[in-house]
Every structure is written in C-alpha cells, then in structure tokens.
Amino acid sequence: MRIVLLGAPGSGKGTQSQRLVKLLGIPQISTGDLLRAAVAAGTELGRQAKEAMDGGRLVEDSLVLNMICERLGEPDARRGFILDGFPRNLAQAQALEELLGSLGQPLDAVVRMEVDYDELVQRISGRRTCEDCGRVFNLVTSPPSGADAVCPKTGRPHRLMHRPDDNEDTVTERLRVYDEKTRPLIEFYRSRGLLRAIDAQGDVDEVTQRLTRALADLTTRPSHAGLTVRTARPSPARARRRAAAKKKKHKAAPRRAVKAKRAASRRPARKTAAARKPKRAARRAPAKRARRRRS
Ligand code: ADP
C-alpha cells in the first residue's frame, strides 16, 4: 500500500504514521525526520537544509527530491510506504507522480488529516520527541505513560526533547507555508480521485481508528493481498473508560424496563392465537384437498 498523509504541522502525521507502521508492516518515510538526521549527522545535505528548517521554510525541492528518490529505492519500500511530510508543494507532488508512474507503482490514497488552527498551535507547543527511539509524544494529549513510558531502545524512561523549530515564531511561519504551498495539494489529489479525509482531532486512538477505516478498502485489492489492516485496538486506559461508561449507562436504565427485558428472556415465547391458526389450517389443508379430489 502506497499512501501519503497530508496535513498541517501538528496534525498528527508523525504519530499516526508510527501507528500505521505497526498495523500495516510498511515503513514510514518522513522527510522531516530524514532532514533532521542529516542535520544531526552534519552531512552536506544537512548543512544545506538547516537554515530553511530553522526558519520554518521549505528546504529546496532538488535536495528533498534526491533524498526521497534514494529512500524510495531502498528494499523495505518495495511493499509500500507511508509518506509523511512529502510532498509539500505542487512541484514535489508532480515529481512524485512521475517517479512512481515510471516504477509502475502509483499512489493508492492520500489521507488528509483535518485539525483546527488553534489546536495545531497547542499541539505543536506540547510536542516532544524521544531522542533515542524517535517516538512522538505530547505533554498535554499523549504523555509517556504505563508501558509506553519506557524507551524500547534504552530500556529507560524516554529522553524527551523539544524540537528547535517548534517555537512560537517558527510555528506561525510553518502554518503560513502550509496554507500557501501545501494546501493546494488537496485539490491536486482530489482531482485524481485519491483524496480521503478524516477528522484528526480528539483521542489519538480514535484518530487511528478513523484512519484505518479510511484505508480498509485498500487491503482487499489484489495487489495488496497479504497486507491486512489490523483494526486499531483502544489503549488499556481507553478500554477502561469505555467499560466504565457502559456500566453507567446500564445503571441509568429504568429498573422496570430492565426487569421486563430479563423476564422476557427467561420466558419461552408464547404463541398468539393468530400465530397458531395458520398451522392448524395448514395441517387440515391436505385432508380437505384429498376429500375434494375424492368427490
Ligand atoms: P512539521 O510537519 O511538523 O512541520 P516536519 O518534521 O515534517 O514537521 O518538517 C520539519 C521541517 O523540515 C519543515 O519545516 C521543512 O523545513 C523541512 N521539510 C520537511 N519535509 C519537507 C519537504 N517535503 N520539502 C521541503 N522541506 C521539508
């Protein structure tokens, strides 16, 4: 399955991609992560990308396109991929279309993740990433907790870092750049019949469920045989909340209605006269017909 997650900074593309990786077994390809890794490693690409990234602007297309071409050529991308943060403008979308077309592997879907502006700002300011495993958390909406509090790489609590471009000034610029350069991709993909949209606000598990539902039909295509979207299970905390809500609802039901329901389930259903009649008539009918035939 080859998909693009499209959405503003803070819309949850990274968080949901990480979950889709587990559910679909295909890699997440995040241009932001690849560029940050290049900056951290001090490569030539990193050196050239850093200034634009620090200012919240887009890195030059030629750099990003070379990088993505290389990444898509790696063996793990053969079964499919989740593109996160790419394409980000029309030139990149057209280049991607050409590249995948030449490989005979076009995109299957583009999912637009919709979140209100105010919530985006709030999410970005609370965002933290583990320095070791790269997992994304949010101090307000999804802090590390329970089994997730331990980093799978180090076996110790996550070392959370605040991305340098997640500061207030840069965030405003990134959201402006999204509106100007990336938003037009919604129409680009809609006109190609690839666009799907989900409400990406609210509980993280619920958003994952909306996302897997939005993609569920793709797993039945013959070209994706063997790939299954395992329905996202609610987290233990969420499952507990649901069970408590169910219990409350049950208690709130009027007693008499509950009693009547229980009694009805114990009693064998009584037949009404009307229900019995047709049977008797049906029993008599052959005899009547036989008498008629005889006379
Ligand atoms: P977010 O989606 O939260 O803005 P990302 O991690 O996707 O964060 O990207 C961080 C920065 O990396 C962007 O602000 C931009 O400077 C650069 N970047 C990422 N992807 C691209 C891309 N496809 N084209 C150009 N620049 C990119």
Side-chain angles (χ1 to χ4, degrees), residues 3-18 20 27-41 43 45-72 81-100 107 110-115 117 119-131 134-139 141-142 161-186 188-189 200 207:
I3 55 175
V4 168
L5 294 190
L6 187 64
S11 56
K13 302 184 298 289
T15 303
Q16 296 300 333
S17 297
Q18 289 174 353
L20 283 186
Q28 165 197 19
I29 300 182
S30 154
T31 41
D33 286 350
L34 292 172
L35 289 168
R36 273 186 290 279
V39 172
T43 63
L45 166 66
R47 202 187 53 72
Q48 293 181 37
K50 189 173 181 329
E51 203 192 312
M53 291 174 78
D54 287 347
R57 298 185 305 278
L58 293 188
V59 172
E60 221 179 278
D61 286 345
S62 60
L63 297 178
V64 176
L65 288 169
N66 276 341
M67 182 180 79
I68 207 86
C69 258
E70 223 172 84
R71 181 62 188 89
L72 288 176
F81 45 77
I82 305 149
L83 286 175
D84 156 12
F86 179 89
R88 244 173 160 98
N89 60 24
L90 279 172
Q92 293 182 7
Q94 276 153 356
L96 177 69
E97 193 172 52
E98 266 172 41
L99 173 68
L100 296 180
L107 286 176
V110 174
V111 186
R112 178 186 174 201
M113 304 188 45
E114 298 171 332
V115 177
Y117 185 92
E119 181 152 344
L120 289 174
V121 176
Q122 195 209 330
R123 282 187 186 183
I124 297 174
S125 51
R127 176 158 67 184
R128 298 290 183 278
T129 313
C130 174
E131 287 206 56
R135 189 163 162 179
V136 184
F137 294 97
N138 189 291
L139 296 183
T141 55
S142 54
M161 62 126 181
H162 195 188
R163 263 171 52 180
D165 61 342
D166 276 352
N167 64 67
E168 217 171 289
D169 290 345
T170 317
V171 168
T172 315
E173 176 61 6
R174 277 156 64 202
L175 289 171
R176 193 196 63 74
V177 170
Y178 172 80
D179 270 338
E180 186 193 322
K181 313 246 185 212
T182 314
R183 198 178 278 284
L185 297 189
I186 296 172
F188 179 87
Y189 285 119
V207 176

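No experiment lies behind these values; they were computed from the predicted model shown. For ligands, and for the atoms within them, numbers begin at 1 and follow the listed sequence. In this chain, numbering begins with 1 at the start of the sequence shown.
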Asker: Judged by modelled atom types alone, do Ser30 and Gln28 share a side-chain donor-acceptor pair under 3.5 Å?
Answerer: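 Their side chains do not contain a donor-acceptor pair, so the 3.5 Å distance test is not met.
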Asker: Using salt bridge (Lys or Arg N to Asp or Glu O under 4.0 Å) as the criterion, list what pairs up with Lys181, not counting sequence neighbours.
Answerer: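 With sequence neighbours excluded, Lys181 shows a salt bridge (Lys or Arg N to Asp or Glu O under 4.0 Å) to no residue whatsoever.
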Asker: Which protein N or O atoms sit under 3.5 Å from any N or O of ligand 1? Give atom names and distances.
Answerer:
residue  : atom   : partner : partner atom : Å
ligand 1 : 2 (O)  : Lys13   : NZ           : 3.3
ligand 1 : 2 (O)  : Arg88   : NH2          : 3.1
ligand 1 : 3 (O)  : Arg127  : NH2          : 2.9
ligand 1 : 3 (O)  : Arg174  : NH2          : 2.9
ligand 1 : 4 (O)  : Arg88   : NH2          : 3.0
ligand 1 : 4 (O)  : Arg174  : NE           : 3.2
ligand 1 : 4 (O)  : Arg174  : NH2          : 3.1
ligand 1 : 6 (O)  : Arg36   : NH1          : 2.9
ligand 1 : 6 (O)  : Arg36   : NH2          : 2.8
ligand 1 : 6 (O)  : Arg163  : NH1          : 3.3
ligand 1 : 7 (O)  : Arg88   : NH1          : 3.2
ligand 1 : 7 (O)  : Arg88   : NH2          : 3.4
ligand 1 : 8 (O)  : Arg163  : NH2          : 3.0
ligand 1 : 16 (O) : Arg57   : O            : 2.6
ligand 1 : 20 (N) : Thr31   : OG1          : 2.8
ligand 1 : 20 (N) : Gly85   : O            : 3.4
ligand 1 : 20 (N) : Arg88   : NH1          : 3.2
ligand 1 : 23 (N) : Gly85   : O            : 3.0
ligand 1 : 23 (N) : Gln92   : OE1          : 3.1
ligand 1 : 24 (N) : Gln92   : NE2          : 2.9
ligand 1 : 26 (N) : Val59   : N            : 2.9

Asker: Looking at Arg174 and Asp166, is any side-chain nitrogen of the basic one under 4.0 Å from a carboxylate oxygen of the acidic one?
Answerer: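 Looking at Arg174 together with Asp166, the answer is yes, because their closest N to O distance falls below 4.0 Å.
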Asker: For Glu173, give me all partners under salt bridge (Lys or Arg N to Asp or Glu O under 4.0 Å), at least two apart in sequence or on another chain.
Answerer: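 Applying salt bridge (Lys or Arg N to Asp or Glu O under 4.0 Å) to Glu173 gives Arg176.
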Asker: What residues, two or more places apart in sequence or in another chain, satisfy side-chain hydrogen bond (donor to acceptor under 3.5 Å, both in side chains) together with Asp61?
Answerer: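 With sequence neighbours excluded, Asp61 shows a side-chain hydrogen bond (donor to acceptor under 3.5 Å, both in side chains) to Asn89, Gln92, given in chain and number order.
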Asker: Taking all heavy atoms of Ala93 and all of Tyr189, pick out the closest pair and write down the distance.
Answerer: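 Reported closest heavy-atom pair: CB-OH, 3.7 Å.
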